[in-house]
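Just so we're on the same page: letters track the sequence lines, and every chain starts at 1.
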2 protein chains.
Amino acid sequence: MAKKSEQLSARQRQIMQFIRHFTAERGYMPSYREIGDAVGLSAVASVSYQLKQLSDNGYLSRDENISRSIDLKIDLPDSEASPWNVEEENQIPIGDAALIPLVGRIAAGGPITAEQNISEYYPVSRQLTGKGDFFLLTVSGDSMIDAAICDGDLVVIRKQPTAENGDIVAALLNDEATVKTFRQRDGHTWLLPQNSAYEPIVGDHATIMGKVVSVLRKL
Amino acid sequence: MAKKSEQLSARQRQIMQFIRHFTAERGYMPSYREIGDAVGLSAVASVSYQLKQLSDNGYLSRDENISRSIDLKIDLPDSEASPWNVEEENQIPIGDAALIPLVGRIAAGGPITAEQNISEYYPVSRQLTGKGDFFLLTVSGDSMIDAAICDGDLVVIRKQPTAENGDIVAALLNDEATVKTFRQRDGHTWLLPQNSAYEPIVGDHATIMGKVVSVLRKL
DNA sequence: CCATCTTTCGAACGTTTGTTCGATTTAGAA
DNA sequence: TTCTAAATCGAACAAACGTTCGAAAGATGG
């Protein structure tokens, strides 16, 4: 008789992987006939048979008489492990959007997105942010006006501890958050305003909070 | 009465949330009858009707004649202890956001947000838009650079047939959409670029599509 | 070789499911 | 009020779907 947790047969592995790919692409489960077509089983009953084995061994579950009710319990490794494991501590993804906290006062020391600093969450399209861990800052002053960033603008900042030359960053300098262009030269870190009325700042002791990835403005 | 149906009725919101809960619990999509039972629609056809609306507006997709093939495009937050939340007015509120269509080519004549023009929906915080009926336009060129609106920026436009002096508007001029500052003087309508390299345009024959209320930029 | 178990097949069956159509009700504007 | 569009209903229908059953083909071991 079929014994306990036997190893999966080639066919069963084939089915498991097809289900995974199908759901990834289409967003819902395949029917028995679709599975059969994909793995080369001409009889629905054969699919039913294999699915019963998989179900009995805990690889998946399904609800009787309900179409497309397969529920995979195990992700059979195809190959990959994704290195893009971003820690999201405060965002709740809304479909195509991310909820990003607007940070009020910036206090040196503690975590930037500590709860008491958050006044509100803004939904922002992922198209505008990309992947990562974000927070929002309200721009104060017009030191970045030549970069088309105005007083009152909201900037979406992806948390990261450093930056590349030319990036616009949010930095913590003397307990104050500021948005400037990042530049390293002569062994020094500079925070450059984009407004000829302002002078470059030596940022050697500044803390880079993250990189500005989007700008939001309400007129 | 605009037949736009770009908004989310209480019932549609109800359906969206039920689908989300159902899939979270069961691991697959509900059938039309299950949806009907849950939200109080005794006729499958009514569910079909509502689902078509949701599908047309990009909230979900489904494959014809395939059971349980609903694919949610947006996760509506539960939000409510008061499920029968009615806030009609205009755009689709996602919790705190509105889903706004990005309009591609602008053709004179037909409705701006005709379906074939819409390439995608962006969630935008209501804080950035206020109330109204909106669409999104991609800015082309740097004629508004002094207003801190750059090439490639997305502008949120509230539909309105006219504007006030000083408003930044989207106007249709010779089958082309353009973003300029609106000004009426000497009995003429002017569309002013905010870039000294460009000349003011006589906008007497231009069609005002709406007013720019927000700017979104991905860096 | 035979015996046994596994796997596949094909067909039939009953159920589930999405669609269609016309009629009715509801809601809002004129 | 009357008119129009949206929303709902009910019934009927065809397609899609999972289950069952008997038979046949492989596979494995003695």
Next item on the list: May I have the distance from A/Arg62 (atom CZ) to D/dC17 (atom C1'), rounded to whole angstrom?
Entry: 13 Å

Checklist line | Between D/dG18 (P) and A/Gln50 (CD): distance, integer Å | finding: 16 Å

Margin query: What is the distance, to the nearest angstrom, from the CD1 atom on A/Ile15 to the P atom on C/dT8?
Written below: 8 Å

Margin query: Without decimals, in angstroms, what is the distance between A/Asn65 CG and C/dC13 P?
Written below: 17 Å

Notebook entry, point to check: Pick the nucleotide of DNA chain C nearest each of B/Ser69 and A/Val44; which residue has the one closer to the 5' end?
Noted result: A/Val44

Check: For B/Asp204, what residues pass the side-chain contact (heavy atoms from CB on, under 4.5 Å) criterion, not counting sequence neighbours?
Finding: B/His188, B/Thr189, B/Val202

Checklist line | Side-chain N,O (B/Ser42) to OP1/OP2 (D/dG10) below 4.0 Å | finding: yes

Next item on the list: Say whether, by atom type as modelled, one donor and one acceptor occur between the side chain of A/Arg217 and the main chain of B/Ala148 under 3.5 angstrom.
Entry: yes

Next item on the list: Using heavy atoms and a sub-4.0 Å distance, could you list which residues of residues 32-39 of chain A are near DNA chain D? By number, please.
Entry: A/Tyr32, A/Arg33

Check: Rounded to the nearest Å, what distance is computed from the NZ atom of residue B/Lys52 to the C1' atom of nucleotide C/dG18?
Finding: 14 Å

Next item on the list: Would you indicate whether the side-chain heavy atoms of A/Val156 and A/Leu128 approach each other to under 4.5 Å?
Entry: no

Notebook entry, point to check: Would you say the side-chain atoms of B/Asn195 pair up with the backbone N or O of B/Ala197, donor to acceptor, closer than 3.5 Å?
Noted result: yes

Notebook entry, point to check: Which one, C/dT8, D/dC21, D/dC17, comes nearest to the side chain of A/Ser46?
Noted result: C/dT8

Check: Can you find a side chain N or O atom of A/Ser67 that sits less than 4.0 Å from OP1 or OP2 on D/dA16?
Finding: no

Checklist line | Interatomic distance, A/Ile66 CD1 vs D/dT19 P [rounded to whole Å] | finding: 10 Å

Check: D/dT19 C1' sits how many Å from A/Leu51 CG, rounded?
Finding: 12 Å

Next item on the list: Would you mind telling me which residue lines up with the more 5' stretch of DNA chain D, A/Glu64 or B/Arg11, judged by nearest nucleotide?
Entry: B/Arg11

Notebook entry, point to check: Within the structure shown, what part of the strands sits under 4.0 Å from B/Leu41 by heavy-atom distance: base, sugar-phosphate, or nothing?
Noted result: sugar-phosphate

Notebook entry, point to check: Within this structure, what is the OH-to-P distance between B/Tyr49 and C/dC21, rounded to whole angstrom?
Noted result: 16 Å

Check: Below 4.0 angstrom from OP1 or OP2 of C/dT16, is there any side-chain N or O of B/Ser31?
Finding: no

Can you list, pair by pair, the side-chain donor-acceptor contacts under 3.5 Å of residues 30-40 of chain A, counting residues two or more places apart and other chains?
unit_1: A/Ser31; atom_1: OG; unit_2: A/Glu34; atom_2: N; d: 3.2
unit_1: A/Ser31; atom_1: OG; unit_2: A/Glu34; atom_2: OE1; d: 3.4
unit_1: A/Tyr32; atom_1: OH; unit_2: A/Arg62; atom_2: NH1; d: 2.8
unit_1: A/Glu34; atom_1: OE1; unit_2: A/Ser31; atom_2: N; d: 2.8
unit_1: A/Glu34; atom_1: OE1; unit_2: A/Arg68; atom_2: NH1; d: 2.8
unit_1: A/Glu34; atom_1: OE1; unit_2: A/Arg68; atom_2: NH2; d: 3.4
unit_1: A/Glu34; atom_1: OE2; unit_2: A/Arg68; atom_2: NH2; d: 3.3

Check: Is there a donor-acceptor pair under 3.5 Å between the side chain of A/Ser55 and the backbone N or O of A/Leu51?
Finding: no

Item checked: Point-to-point distance, once rounded to the nearest 0.5 Å, from CH2 of B/Trp190 to CD1 of B/Ile201 -> 10.0 Å

